[in-house]
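Everything on this sheet refers to the single structure shown next.
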There are 2 protein chains.
Amino acid sequence: MTADPRPGRATAQLAAPGAAPLAHRVPDLGALELLLAVARLGSLGRAARELGISQPAASGRIRAMERLLGVALVDRSPRGSRLTDAGALVTDWAGRVVEAAEAFDAGAQALRGRRDSRLRVAASMTIAEYLLPGWLVALRRARPDTAVSLLAGNSAAVAERLLAHEADLGFVEGTAVPEGLDSAVIGHDRLLVVAAPGHPWARRRGPIDPGELAGTALILREPGSGTRQVLDAGLAPYGGVAEPLLELASTTALKAAAVSGAGPCVLSELAVGEELAAHRLVKVPVEGVRLRRDLRAVWPVGTRPAGPARDLLSLTRGALE
Amino acid sequence: MTADPRPGRATAQLAAPGAAPLAHRVPDLGALELLLAVARLGSLGRAARELGISQPAASGRIRAMERLLGVALVDRSPRGSRLTDAGALVTDWAGRVVEAAEAFDAGAQALRGRRDSRLRVAASMTIAEYLLPGWLVALRRARPDTAVSLLAGNSAAVAERLLAHEADLGFVEGTAVPEGLDSAVIGHDRLLVVAAPGHPWARRRGPIDPGELAGTALILREPGSGTRQVLDAGLAPYGGVAEPLLELASTTALKAAAVSGAGPCVLSELAVGEELAAHRLVKVPVEGVRLRRDLRAVWPVGTRPAGPARDLLSLTRGALE
DNA sequence: CAGCGGTCATAAGTACAGGTTATGACCTCA
DNA sequence: TGAGGTCATAACCTGTACTTATGACCGCTG
């Protein structure tokens, strides 16, 4: 991924908010996990046992977390521990962090997976980034001993792996299905125009029209990337996209630039769920242009997905609109 | 928070998947933050400087993370570091964890907030749990030096604080606006029926009807809680809700029980976004009954929200459907 | 009432992860 | 060729989080 072309600028704004690194103000994952266990089991000792640590360790960790947050989290009594009101809130927030960490873990395990793993998945970047981790968490719950390996690349690479029998199931986005593959549409992905809440476009009343979009300098992925192709095609009738404001090579960099207020940006709705919910980015409605593509599961013609591949495929069905 | 009434059972299933605690398989928050900084800045040294640590520390941490994940994450070159393909994937997953941690931090800071803070917010549990952290992250970006304090309770408690001038802005869910308060609807919340993917209801073709829902033993919040009231009211024409399968006092416990397959469960759509996306729970369509309530911002009559309260209020507008 | 089984807290000792500074190797560019 | 950037290695330090051992408290039960 290319470095941000203007290192100092966008960066400073992003790094500003907390000053001190996040890690010093947020308990570590172990502590959050422990808190969830305490909430669920109603006892420090039992929670400790579940996580494989001693009771005093658990006691100390919770206390450290309470000191860090400056709030009592659990009411200790001689017959168990219950969450305080504040503890209930904190526990829910902790749950979201742990869920994200589980998705991370599921993805990481698949990434590390050896060549001889049971289920070998090849997926396009967008799907691998935003959808697969969730599916893998679900798959691991359903089939705990399925080892998955993951290879991420573009459509051509996915097709190549499948046809070489180096992957059992593939996922691609885009309009055309590569030669030699059967496919099933499992969902759709729309491109959104988003901007920081402070940007003029965020305050507009009505939607913008394609001509205006085409005439504005945007923050975009590099030409040739999936999202860029869809945008180019969609805006071709209106003169094509204008010279980009910035061209970045990763979705993360794109979002960081947009959040920092560099300008409006176009990317997959899958990539910005969190940012929209947290109101760090705002959706800008666009009228009269359909920026949308299919998400497909693919496999070599003839070989109906079976076993774990079939399980994973059925998980993805109906998971999306 | 009530402890899970059947400690061993539901627990074992939940704890099973990874065996080893998550924290040992996922890098800590500091490492994830560092990785994001490297991705953004294109250099280990610069990332280290941004986080206030030395360059060798950053180098070592990234290396430790690569060893943990078993994958090369960055390509080091004498003129900077770029992410590998795998690194780009991991960085995106890391971004989601860090985002969740930021929301946690924003909430925690507000919770700890002293009485004399600038903006004092009182909110109902559901809003405090699922929406406020995101808004606070956004608010901190817009107004970095606004200190916020948060008090969570039921509608009556929120009203009390506002009328006693111990809070500047409140958020409540439910149909009736407490006496003496002005309000603005900022969104809606629907109750969903959800079940584990393995549950029979998850495989149904058509929607279930209210009579069947009323006749089935469900996992519910305790009577008197906001979600329970809405459900009771909605199902009253059909004979009211059946004797619950389980009655739990926290949303987290509810979800844990449902995920573990104990049975279908009814809760706010706000609470299950993650679980639905990860396919750990499945939405069960219900026909002919409207389980929905308004989410409102409230303040004492006469006192139009001003200053930071006004900022926060405007953030919430249009953030939801 | 004594004693058992459960809770949590405290204390003392150890191990290691992550930090530091100092230094060196490598590349690029003026 | 030397200056300025990159990253890696080495030796050392420190604090955190763990361990085990113990004690205080509560409630149930014989």
Side-chain angles (χ1 to χ4, degrees), chain A residues 1-5 7-8 20-35 37-69 72-84 87, chain B residues 1-5 7-8 20-35 37-69 72-84 87:
Chain A
M1 302 307 94
T2 11
D4 184 329
L22 199 54
H24 292 167
R25 291 173 300 153
V26 176
D28 63 61
L29 280 171
L32 300 182
E33 226 179 341
L34 177 62
L35 180 62
V38 171
R40 193 150 33 77
L41 301 174
S43 144
L44 291 186
R46 254 183 289 169
R49 228 169 301 136
E50 175 170 297
L51 299 195
I53 63 176
S54 68
Q55 173 267 321
S59 175
R61 261 199 130 160
I62 295 283
R63 194 141 18 87
M65 184 160 38
E66 289 177 319
R67 206 179 48 231
L68 179 66
L69 302 181
L73 297 175
V74 307
D75 268 337
R76 289 102 159 139
S77 88
R79 58 185 196 289
S81 295
R82 303 159 78 99
L83 296 179
T84 61
Chain B
M1 304 299 90
T2 11
D4 185 329
L22 198 54
H24 292 166
R25 290 173 301 153
V26 177
D28 62 63
L29 281 171
L32 301 183
E33 230 180 335
L34 176 62
L35 179 62
V38 172
R40 193 149 34 78
L41 302 175
S43 144
L44 290 188
R46 253 182 290 169
R49 226 167 303 135
E50 175 169 296
L51 300 194
I53 62 176
S54 68
Q55 173 267 319
S59 175
R61 266 200 124 159
I62 295 283
R63 192 142 18 87
M65 184 158 42
E66 289 177 319
R67 206 180 46 230
L68 178 67
L69 301 181
L73 298 175
V74 309
D75 268 338
R76 289 102 161 141
S77 88
R79 59 184 195 291
S81 296
R82 303 159 77 100
L83 296 179
T84 62

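Throughout, a chain's letter reflects where its sequence line sits, starting with A, and its residues are numbered from 1.
- Each of A:R79 and A:R63 lies near DNA chain C, and the nucleotide nearest A:R79 is the one positioned closer to the 5' end.
- Considering every non-hydrogen atom in both A:P27 and A:L69, the closest pair reads CD-CD2, 4.4 Å.
- Across all strands shown, B:D28 has heavy atoms under 4.0 Å from sugar-phosphate atoms exclusively, and none from any base.
- Atom CE in A:M65 sits roughly 16 Å away from atom P in D:dT16 (whole-Å rounding).
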Can you tabulate the close N/O pairs, meaning under 3.5 Å, that link protein atoms to atoms of nucleotides 18-24 of chain D?
{"unit_1": "D:dC18", "atom_1": "OP1", "unit_2": "A:R61", "atom_2": "NH1", "d": "3.1"}
{"unit_1": "D:dT19", "atom_1": "OP2", "unit_2": "A:S54", "atom_2": "N", "d": "2.7"}
{"unit_1": "D:dT19", "atom_1": "OP2", "unit_2": "A:S54", "atom_2": "OG", "d": "2.7"}

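- Relative to the side chain of A:P78, the nucleotides D:dC7, C:dG6, C:dC8 differ in distance, and C:dG6 lies closest.
- Nucleotide C:dT21 holds its P atom 14 Å from the CZ atom of B:R49, rounded to whole Å.
- We find that CG of B:L44 is positioned 6 Å from P of D:dA8, with the value rounded to whole Å.
- Remark: side-chain polar atoms of B:E66 are paired, donor with acceptor, to backbone N or O of B:V74 under 3.5 angstrom.
- Across the protein-nucleic acid pair, A:I62 atom CD1 and C:dC8 atom P stand 10 Å apart, rounded to whole Å.
- Set against D:dT6, D:dA8, C:dC8, the side chain of B:R76 has D:dA8 as its closest nucleotide.
- Rounded to a whole Å, the CG atom of B:L41 is 15 Å from the C1' atom of D:dG5.
- B:L44 is not listed as a side-chain neighbour of B:L34, based on a closest heavy-atom distance of 4.5 Å or more.
- Between A:S43 and the phosphate of C:dT7, there is a side-chain N or O to OP1/OP2 separation shorter than 4.0 Å.
- Atom NE2 in B:H24 sits about 10 Å away from atom P in C:dA17, given to the nearest Å.
- Between the side chain of B:T84 and the backbone N or O of B:L73, at least one donor-acceptor pair lies under 3.5 Å.
- Between A:R49 and A:L41 the shortest side-chain heavy-atom distance does not fall below 4.5 Å.
- Between B:S59 and D:dA8 there is a side-chain N or O to OP1 or OP2 distance below 4.0 Å.
- If you measure from atom CZ of B:R82 to atom P of D:dT6, you get 15 Å, rounded to the nearest angstrom.
- The structure places CD of A:E33 at 8.5 Å from NE2 of B:H24, a figure rounded to the nearest 0.5 Å.
- For the atom pair A:L35 CG and A:R61 CZ, the distance stands at 11.5 Å (nearest 0.5 Å).
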